[in-house]
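Reviewing the structure listed below.
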Amino acid sequence: MSVETQKETLGFQTEVKQLLHLMIHSLYSNKEIFLRELISNASDAVDKLRFEALSKPELLEGGAELKIRVSFDKDAKTVTLEDNGIGMSRDDVVTHLGTIAKSGTADFMKHLSGDQKKDSHLIGQFGVGFYSAFIVADKVDVFSRRAGLAASEGVHWSSKGEGEFDVATIDKEDRGTRIVLHLKSAEDEFADGWRLRNIIKKYSDHIALPIELPKEVTAAEDEEKPAVEWETVNRASALWTRPRTEVKDEEYQEFYKHIAHDFENPLSWSHNKVEGKLEYNSLLYVPARAPFDLYQREAPRGLKLYVQRVFVMDQAESFLPLYLRFIKGVVDSNDLSLNVSREILQKDPIIDSMKSALTKRVLDMLEKLAKNEPEQYKGFWKNFGQVMKEGPAEDFANKEKIAGLLRFASTQGEEGEQVVSLAEYLARAKEGQDKIYYLTGETYAQVKNSPHLEVFHKKGIEVLLLTDRIDEWLMSYLSDFDGKSFVDVARGDLDLGNLDSEEDKKAAEEVAKSKEGLVERIKTALGETVSEVRVSHRLTDSPAILAIGEQDLGLQMRQILEASGQKVPDSKPIFEFNPAHPLIEKLDGEQSEERFGDLSHILFDQAALAAGDSLKDPAAYVRRLNKLLVELSV
Ligand code: ADP
């Protein structure tokens with residue numbers, strides 16, 4: 001061992017300590033994955049070197065074959081991984097192996113429950129990487145040197161995973177990283193050639209560079225110990241370049257875990273080779289679970305980009321629209337230049353056409369999943385439905401396709417579950433129904449019981465119930481589906497078209513005529529509070545309701561804008577009343593103008609409450625109501 005200088009002891013960032021503690025306990029049943037994680041890092045390090053060496057060939061330092069070596073020592077109970085990739089400088093080691101750079105980590109840690117089973121899923125989502133070494137080791141030594149630095153600028157990192165680590169500067173002749181795991185005494189089974197070989201075959205066969213193990217050679221008794229011979233144990237070819245028919249599902253799954261840093265299998269994948277004007281391979285995956293930072297703006301997204309098998313860029317975002325940011329995968333292009341940059345990608349017309357082709361692939365894959373695996377699609381929708389709802393606004397060209405993938409709660413679906421597709425809705429629509437009806441609101445309970453649905457219940461017409469925060473905004477981008485237009489049942493003058501018989505319409509007109517006097521009286525009583533007063537066709541049980549003007553913002557949008565501190569344009573609702581309701585009949589017969597006014601205001605306020613809105617002047621409401629209650633009880 002060479003001399004160590006500038007030795008210091010540093011503490012792990014709090015989040016690392018939490019992660020280490022949790023991981024050791026919750027991943028115990030799946031401990032062999034430590035090797036997959038470390039090999040995955042080594043492979044990334046080689047990819048990075050290969051890429052940097054394109055512009056700085058001297059980084060290759062003579063150019064030995066790029067590879068990963070795994071060895072073990074049964075007596076010392078160690079497993080050693082060595083790569084000749086990009087390596088790390090002293091600063092790199094301190095930041096990369098002492099902190100977690102992912103944004104939102106502290107937030108994520110707060111969500112952990114302490115329940116090991118649940119947390120092990122969460123931790124899988126988070127990705128544990130290097131730190132998984134401590135599942136099997138009670139001490140880890142890392143020796144590394146960054147490519148391009150002098151041999152004297154090597155670094156030794158060492159830790160027992162208990163809160164601190166040591167770093168020292170050392171001499172390291174060869175570039176790259178060597179990690180020595182000192183196995184816990186209960187884990188010495190891993191210091192075994194067969195065991196290691198099996199784990200590598202199982203999890204890392206898809207790694208595109210050779211992973212070597214020492215060949216088992218038995219020396220003749222009187223001979224000296226022979227020099228180690230190495231043999232490659234994995235297939236060592238880029239998985240996405242192989243023909244689809246030759247790649248097993250398990251290989252696709254393990255490859256996904258490598259590129260996505262996920263612990264779980266993906267829901268689905270799509271592997272394609274495109275030839276012709278543009279040539280590229282793509283392999284796209286739908287994860288089973290949303291990453292913890294799906295809604296964080298700066299969270300990493302995008303595909304891994306290769307150009308003619310050479311890794312060029314992680315998180316290349318230009319290949320898919322934002323609403324498909326959860327898709328993981330690889331693109332390998334034959335047309336792009338090896339020194340392509342993010343800025344170039346954003347402007348290159350080649351990328352535009354790849355983007356639209358890849359987007360279509362993803363949407364097709366989701367369509368297929370929905371059709372063939374409806375249960376899995378339900379899970380997909382729970383995880384990613386909210387993000388898919390950003391689609392129609394962002395991707396005009398695919399609006400109809402995205403709309404087909406949307407799922408909603410409805411008056412006829414499973415209680416509160418977003419499972420009804422638009423196709424399903426239309427398939428069971430009423431004879432003569434040429435509209436898709438929906439209602440938006442704050443909560444499922446509120447919309448489900450909304451008076452706006454009364455006439456729909458009576459006629460047995462299905463209404464979609466939309467309660468996600470972005471729903472009203474989403475609907476402003478959807479005007480129709482399959483030739484049928486969307487109608488917000490709380491908006492404007494509800495026209496049921498062919499669903500109302502001629503007699504119904506005639507009768508409604510007559511009632512409206514006979515109530516013209518009452519309409520005027522209420523208008524005077526409510527004054528500036530309303531934009532219009534009219535007889536309702538929507539109600540069977542409730543006395544009154546508020547409708548939104550055709551062009552006005554709905555409640556949800558208003559609340560979102562208000563919450564973000566924006567000025568919301570003033571709009572007044574339309575007051576509709578149900579002339580058959582006993583309260584309205586009473587109102588109609590009321591002689592005292594004062595009491596008429598009080599009752600009108602109470603009905604207005606109640607209608608606002610039923611719509612989930614808050615009252616402008618709650619004290620006035622209580623005062624009026626109490627006044628009536630007192631009059632009632634005398
Ligand atoms: P992740 O791989 O998700 O970024 P890890 O905790 O596994 O997280 O690794 C942290 C960082 O440490 C990596 O991003 C990389 O920069 C560095 N690293 C880990 N292993 C190696 C290695 N074998 N060679 C070079 N750098 C490495």
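Residue indices begin at 1 and follow the sequence shown. A quick note: this is a predicted structure, and the numbers were derived from the prediction, not measured. In listed order, ligands and their atoms are each counted from 1.
Of all the atoms in ligand 1, the ones that sit under 4.0 Å from a non-hydrogen atom of G129 are 7 (O). For ligand 1, the atoms sitting less than 4.0 Å from at least one non-hydrogen atom of H261 are 2 (O), 3 (O), numbered in the order shown with element in parentheses.
Using a 4.0 Å cut-off between charged side-chain N and carboxylate O, E52 and R146 make a salt bridge.
Atom 15 (C) of ligand 1 has its nearest heavy-atom neighbour, among H96, R178, E37, in H96.
Ring-centre distance between F255 and Y252: not below the 6.0 Å cut-off. In this structure, the ring of Y306 has its center less than 6.0 angstrom from the ring center of W240.
Judged by the 6.0 Å and 45° rule, R36 forms a cation-pi pair with F263.
Considering backbone and side-chain N/O of T177, one or more are found under 3.5 Å from N/O of ligand 1. At a 3.5 angstrom cut-off on N or O pairs, F130 counts as close to ligand 1.
With a 4.0 Å heavy-atom cut-off, ligand 1 is reached by no atom of I179.
Residue L239 forms a side-chain contact (heavy atoms from CB on, under 4.5 Å) with just one option from I259, V330, V247, D205, and that option is V247.
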